[in-house]
Chemist: 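The structure follows.
Below, read A as the first sequence line, B as the second, and so on, with proteins coming before strands; counting in each chain starts at 1.
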Protein chains: 4
Amino acid sequence: MESDKLSDESRSKRDAILVAARTLFAKKGYEETTIADIAREANIAVGTVYLYFRNKRDVYIGVAIDIEEMIAATFRDPELLKLPFVQIPRAIVDGIFRVSREHMNLISFLQVDMQTSEEMSQHKHTNEHITCSLAKIFQGAIERGELAPFNTEMYSQILSLLGDNIMYQCFAVEKGEREELYHTYFLEVVERLFFGPSLRDGQANYSKDG
Amino acid sequence: MESDKLSDESRSKRDAILVAARTLFAKKGYEETTIADIAREANIAVGTVYLYFRNKRDVYIGVAIDIEEMIAATFRDPELLKLPFVQIPRAIVDGIFRVSREHMNLISFLQVDMQTSEEMSQHKHTNEHITCSLAKIFQGAIERGELAPFNTEMYSQILSLLGDNIMYQCFAVEKGEREELYHTYFLEVVERLFFGPSLRDGQANYSKDG
Amino acid sequence: MESDKLSDESRSKRDAILVAARTLFAKKGYEETTIADIAREANIAVGTVYLYFRNKRDVYIGVAIDIEEMIAATFRDPELLKLPFVQIPRAIVDGIFRVSREHMNLISFLQVDMQTSEEMSQHKHTNEHITCSLAKIFQGAIERGELAPFNTEMYSQILSLLGDNIMYQCFAVEKGEREELYHTYFLEVVERLFFGPSLRDGQANYSKDG
Amino acid sequence: MESDKLSDESRSKRDAILVAARTLFAKKGYEETTIADIAREANIAVGTVYLYFRNKRDVYIGVAIDIEEMIAATFRDPELLKLPFVQIPRAIVDGIFRVSREHMNLISFLQVDMQTSEEMSQHKHTNEHITCSLAKIFQGAIERGELAPFNTEMYSQILSLLGDNIMYQCFAVEKGEREELYHTYFLEVVERLFFGPSLRDGQANYSKDG
DNA sequence: TATGAATGAGAATTCATTCAT
DNA sequence: GATGAATGAATTCTCATTCAT
């Protein structure tokens with residue numbers, strides 16, 4: 001009981017730090033955000049941050065993982081597996097854009113260079129989650145005969161990278177000003193890849209949204 | 001003569017700083033590299049750095065632009081325009097991998113977030129160069145009837161982003177350990193996109209290298 | 001108790017910085033004194049200075065205000081108001097010289113130019129205190145019929161300025177070498193102003209000291 | 001001829017530096033003005049400044065002396081000596097205000113603390129010039145029976161100090177906003193001192209300005 | 001004389017981290 | 001656990017001065 005409560009409070013304090021840090025990192029960037037800023041935003045003392053995180057970088061990693069996890073969740077939606085594959089590319093692309101739009105300022109975190117091997121492996125871990133979720137979807141489709149066999153892992157990886165970077169360009173660099181355009185063409189590329197026709201053979205006739 | 005020499009010396013000093021910075025940034029990362037380090041590496045005084053760059057960030061931008069420019073050059077190779085389009089994807093992908101492999105440690109610079117609008121616009125500029133070069137190649141192919149018409153600008157943008165991120169993942173994250181795999185599948189994705197077949201319709205039969 | 005102690009310690013740390021700074025500024029001047037010097041003299045860490053003052057200039061202002069306040073206190077002595085006015089000029093002049101002699105090295109602070117409007121207003125504030133104290137003394141004398149009515153505010157202002165500058169000249173420039181002379185004639189000028197005779201009408205016959 | 005010309009050019013270059021420095025010191029203050037600023041303003045190279053002045057402080061002294069000299073000139077006006085003494089206080093006060101108003105921004109230089117003994121002595125020198133000119137005027141008046149004998153040197157010194165400080169307060173601190181008030185009362189004080197009546201004896205009936 | 005690129009000592013300031021309470 | 005005052009290493013950037021041309 002007691003320990004549960006404490007654990008809850010611990011959880012909530014840790015979360016408060018993460019939320020504060022996420023907000024500030026997004027607003028001012030990593031270097032410009034101080035531990036004191038984070039503590040103030042989270043309504044705790046500076047020293048308390050160090051009870052939950054070893055150092056500033058550690059806080060950063062916590063935040064980054066949170067965000068990646070949020071995106072990863074999009075691909076784990078069990079509803080996705082029930083759809084006929086022909087609807088899946090749109091569902092995924094829609095999902096990615098929805099999450100990214102909601103967390104526009106956080107997208108830049110996806111790109112921050114990983115410095116220590118620990119961060120690397122943490123990042124890889126999340127990345128594998130995403131890739132793996134995608135691959136499962138593809139494998140399901142192959143098994144159901146909706147797709148011809150292909151290297152689902154690599155395609156998942158590449159599509160995941162493409163998604164990351166389009167989100168970054170669309171929301172972090174261009175501030176979402178051409179979201180519709182990116183949405184349209186990201187989807188078109190993915191659908192062309194899965195269903196054709198190739199660029200040599202003709203104009204895609206998937207309904208352009210709008 | 002005289003002015004040429006002076007200009008040359010200026011150029012060489014500026015370049016010396018950029019080379020030193022590039023080396024150190026790649027080795028230790030941006031934050032861990034001090035202006036003093038750079039000056040030492042370049043065999044000049046600290047103050048001299050500030051004769052050629054307004055501040056540390058400015059040095060960084062100089063380095064980043066250098067690298068982006070190096071990659072952009074790949075796409076401007078006039079030989080590319082003479083090839084039949086069917087050979088172009090491979091030529092481009094090969095080029096990107098070659099340049100990236102040579103400057104492996106620098107790839108991470110492609111991803112560092114641009115903070116000021118000035119940096120943004122500088123980055124956009126280089127990005128547009130690349131996108132534009134690609135678009136020209138595609139338009140040529142369309143005009144020659146090698147491709148059906150499509151939005152060359154958006155496809156160029158998307159492919160450029162994909163290339164960036166694959167290079168980052170392949171060389172910066174994975175240290176080139178699976179270069180061949182990325183090369184194969186990046187190429188396959190691009191060729192599938194341009195020439196088919198779609199993933200629904202069948203296995204690509206472009207020669208897998210190896 | 002607890003809070004008192006803390007507050008006391010804070011006070012004492014702030015004061016330690018001010019005392020250290022005052023000493024060093026007087027010995028080496030503002031520009032030649034570094035924050036590191038001050039911290040060393042005050043037996044604290046460099047960073048601690050910045051817990052109590054925003055920057056070096058801020059420390060300087062603190063010191064300057066301390067000193068101005070010390071001088072202002074001379075004029076607020078309640079004993080002054082009880083004296084017959086005929087004794088007041090001597091009392092004031094004596095007071096100014098006494099304080100100035102004690103803090104000879106600090107007198108130069110009275111003259112350092114105020115740069116920001118904040119400093120200006122702080123300075124004005126202290127200045128008004130002094131002027132106001134003087135004016136009150138004069139008004140009392142007018143009310144008691146010891147003086148004819150006059151613009152007490154402006155005369156206070158002018159006399160205060162005169163005092164400042166004589167102290168500066170006497171102690172900061174001439175190192176007190178001719179203190180007696182300045183004392184004599186400053187007093188003579190003030191008494192002549194208040195009691196006559198004018199320089200046209202005759203030699204002052206107030207006892208020259210010595 | 002040639003040497004004359006060179007000497008002229010030297011003179012003009014030295015002067016150009018002084019003019020540039022005066023402008024910049026007045027605008028930005030001593031510390032905020034760099035040698036590079038001065039050189040730019042004077043349209044010469046940085047190194048050239050060091051051909052005419054040993055160091056930055058030396059430039060400063062040159063500027064300060066220029067200004068003090070300008071003020072000193074007011075008191076040397078031979079017309080002053082021809083006036084009946086009763087008109088002299090007004091003439092002097094008017095002169096001081098006129099010069100000060102014209103060089104409002106420079107007034108602050110009168111107060112900058114002298115740091116080296118060399119500067120001190122330079123400053124003393126100019127100060128003595130002024131004091132001496134005043135003393136001469138007073139002595140003339142005494143000899144002509146217009147004033148009773150008094151210590152002309154000390155009174156000159158004190159009045160000179162008073163003038164400096166009133167100018168500083170009036171123009172540097174208050175930006176000339178209450179010039180008229182200061183003019184009126186500075187004059188009144190001086191005239192009261194010379195001609196009476198004392199503050200005990202009555203209201204001054206010298207025409208208040210206008 | 002004149003130049004101005006190069007120098008490098010030096011200073012202010014910041015802030016992650018600690019630890020006594 | 002929680003606090004936040006204190007720390008002090010470390011860094012960027014400035015700018016007076018020099019000197020080869």
Side-chain angles (χ1 to χ4, degrees), chain A residues 6-7 9-10 13-14 31-40 42-60, chain B residues 2 5-6 9-10 13-14 31-40 42-59, chain C residues 2 5-6 9-10 13-14 31-40 42-59, chain D residues 6-7 9-10 13-14 31-40 42-60:
Chain A
L6 279 177
S7 153
E9 272 186 15
S10 283
K13 214 148 242 175
R14 207 191 116 95
E31 288 301 328
E32 298 307 301
T33 300
T34 69
I35 294 290
D37 289 338
I38 295 171
R40 202 177 310 115
N43 281 314
I44 55 168
V46 169
T48 307
V49 174
Y50 287 86
L51 292 176
Y52 297 94
F53 298 91
R54 269 168 312 169
N55 52 40
K56 190 184 171 186
R57 192 83 197 165
D58 211 32
V59 176
Y60 165 75
Chain B
E2 185 65 11
K5 200 181 166 188
L6 280 175
E9 272 186 15
S10 281
K13 211 146 244 171
R14 207 191 116 95
E31 290 302 330
E32 297 309 302
T33 301
T34 70
I35 294 289
D37 290 339
I38 295 172
R40 202 175 311 113
N43 280 316
I44 55 168
V46 170
T48 306
V49 174
Y50 288 88
L51 287 180
Y52 295 93
F53 298 91
R54 269 168 313 174
N55 50 41
K56 189 184 169 186
R57 188 88 198 159
D58 211 31
V59 176
Chain C
E2 184 63 12
K5 200 182 168 189
L6 280 176
E9 273 187 16
S10 280
K13 211 146 244 172
R14 208 193 115 96
E31 290 302 330
E32 298 308 303
T33 300
T34 69
I35 294 289
D37 290 340
I38 295 172
R40 202 176 309 115
N43 280 316
I44 56 168
V46 170
T48 307
V49 175
Y50 288 88
L51 287 180
Y52 295 93
F53 299 91
R54 269 167 312 172
N55 50 41
K56 190 183 169 186
R57 187 90 198 160
D58 211 31
V59 176
Chain D
L6 278 177
S7 153
E9 271 186 15
S10 283
K13 213 147 242 175
R14 207 191 116 95
E31 288 302 330
E32 297 308 302
T33 300
T34 69
I35 294 289
D37 288 339
I38 295 172
R40 202 176 310 115
N43 281 316
I44 55 168
V46 170
T48 307
V49 174
Y50 287 87
L51 292 177
Y52 297 93
F53 298 91
R54 269 168 312 170
N55 52 39
K56 189 183 171 185
R57 192 83 196 165
D58 211 31
V59 176
Y60 166 75

Chemist: Using a cut-off of strictly less than 4.0 Å, decide whether A/Lys56 has a side-chain nitrogen or oxygen near OP1 or OP2 of E/dT17.
Modeler: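 So the side chain of A/Lys56 is outside the cut-off, no N or O lying under 4.0 Å from OP1 or OP2 of E/dT17.
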Chemist: Indicate the atoms forming the closest heavy-atom contact of A/Val49 with A/Ala39, along with that distance.
Modeler: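 Distance-wise, the nearest heavy atoms are CG2-CB, 4.2 Å.
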Chemist: For the pair made of CZ in C/Arg54 and P in E/dT14, what is the distance, rounded to whole Å?
Modeler: 12 Å
Chemist: Counting only side-chain heavy atoms from C-beta out, which of E/dT3, F/dC15, F/dT3 sits nearest to D/Thr34?
Modeler: F/dC15
Chemist: Counting only side-chain heavy atoms from C-beta out, which of E/dT3, F/dT3, E/dT7 sits nearest to B/Ala45?
Modeler: E/dT7
Chemist: Rounded to whole Å, please give me the gap between CG in B/Asp37 and P in F/dT11.
Modeler: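 So the CG-P distance, B/Asp37 to F/dT11, works out to 8 Å.
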Chemist: I need the CZ-P distance between C/Phe53 and F/dA5, as an integer number of Å.
Modeler: 16 Å
Chemist: When the distance from CZ of C/Arg57 to C1' of E/dA11 is rounded to whole Å, what number comes out?
Modeler: 16 Å
Chemist: May I ask you to verify if any side-chain N or O of C/Tyr52 is less than 4.0 angstrom from the OP1 or OP2 atom of F/dA6?
Modeler: yes
Chemist: Starting from C1' on F/dT12, measure out to CG on B/Asp58 and report it in whole angstrom.
Modeler: 14 Å
Chemist: Nearest to the side chain of A/Ile35, which nucleotide is it out of F/dA6, F/dT18, E/dT17?
Modeler: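 So the side chain of A/Ile35 is nearest to E/dT17.
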Chemist: Measuring from the side chain of D/Asn55 (C-beta onward, heavy atoms only), which nucleotide among F/dA6, E/dT13, F/dT17 has the closest atom?
Modeler: F/dT17
Chemist: Let me spell it out: for each of D/Asn43 and A/Ala36, pick the nucleotide of DNA chain E with the closest heavy atom. Which residue's pick is nearer the 5' end?
Modeler: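 Closest to the 5' end, via its nearest nucleotide, is D/Asn43.
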Chemist: Go nucleotide by nucleotide along DNA chain F from the 5' end; which of A/Ile44 and D/Gly47 gets its closest nucleotide reached first?
Modeler: A/Ile44
Chemist: Do you know which two heavy atoms are closest between A/Lys56 and A/Glu31, and how far apart they sit?
Modeler: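 Here A/Lys56 and A/Glu31 meet closest at NZ-O, 3.8 Å.
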Chemist: Atom CD of C/Glu32 to atom P of E/dG10: distance rounded to whole Å?
Modeler: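 Taking CD of C/Glu32 and P of E/dG10, I get 11 Å after rounding.
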Chemist: Please confirm whether the shortest side-chain N or O distance from B/Lys13 to OP1 or OP2 of E/dA6 is below 4.0 Å.
Modeler: yes
Chemist: Of the candidate nucleotides F/dT7, E/dT3, F/dA2, which contains the atom at the shortest distance from the side chain of A/Thr48?
Modeler: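 Selected nucleotide (nearest to the side chain): F/dA2.
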Chemist: Which string of ( ) [ ] | and . matches DNA chain F, if you list each base 5' to 3' and count Watson-Crick or G-U pairs only when both distances are under 3.5 Å?
Modeler: .||||||||||||||||||||
Chemist: When you get a sec, tell me which of E/dA2, E/dA5, F/dT3 is the closest nucleotide to the side chain of B/Leu51?
Modeler: E/dA5
Chemist: Which nucleotide wins on minimum distance to the side chain of B/Tyr50, given the candidates E/dA12, F/dC13, E/dG4?
Modeler: F/dC13
Chemist: What's the CZ-C1' distance between D/Arg40 and E/dT3, to the nearest Å?
Modeler: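 One finds 15 Å between C1' of E/dT3 and CZ of D/Arg40, rounded.
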Chemist: Run the side-chain contact (heavy atoms from CB on, under 4.5 Å) test against C/Phe53 and tell me which residues pass, sequence neighbours left out.
Modeler: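 side-chain contact (heavy atoms from CB on, under 4.5 Å) check on C/Phe53 returns C/Arg14, C/Ile17, C/Leu18, C/Asp58, C/Val59.
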Chemist: About how many Å separate OG1 of A/Thr34 and CG of A/Asp37, when rounded to the nearest 0.5 Å?
Modeler: 3.0 Å
Chemist: Given F/dA2, F/dT12, E/dT13, identify the nucleotide with an atom nearest to the side chain of C/Val46.
Modeler: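 Side chain of C/Val46 sits closest to E/dT13.
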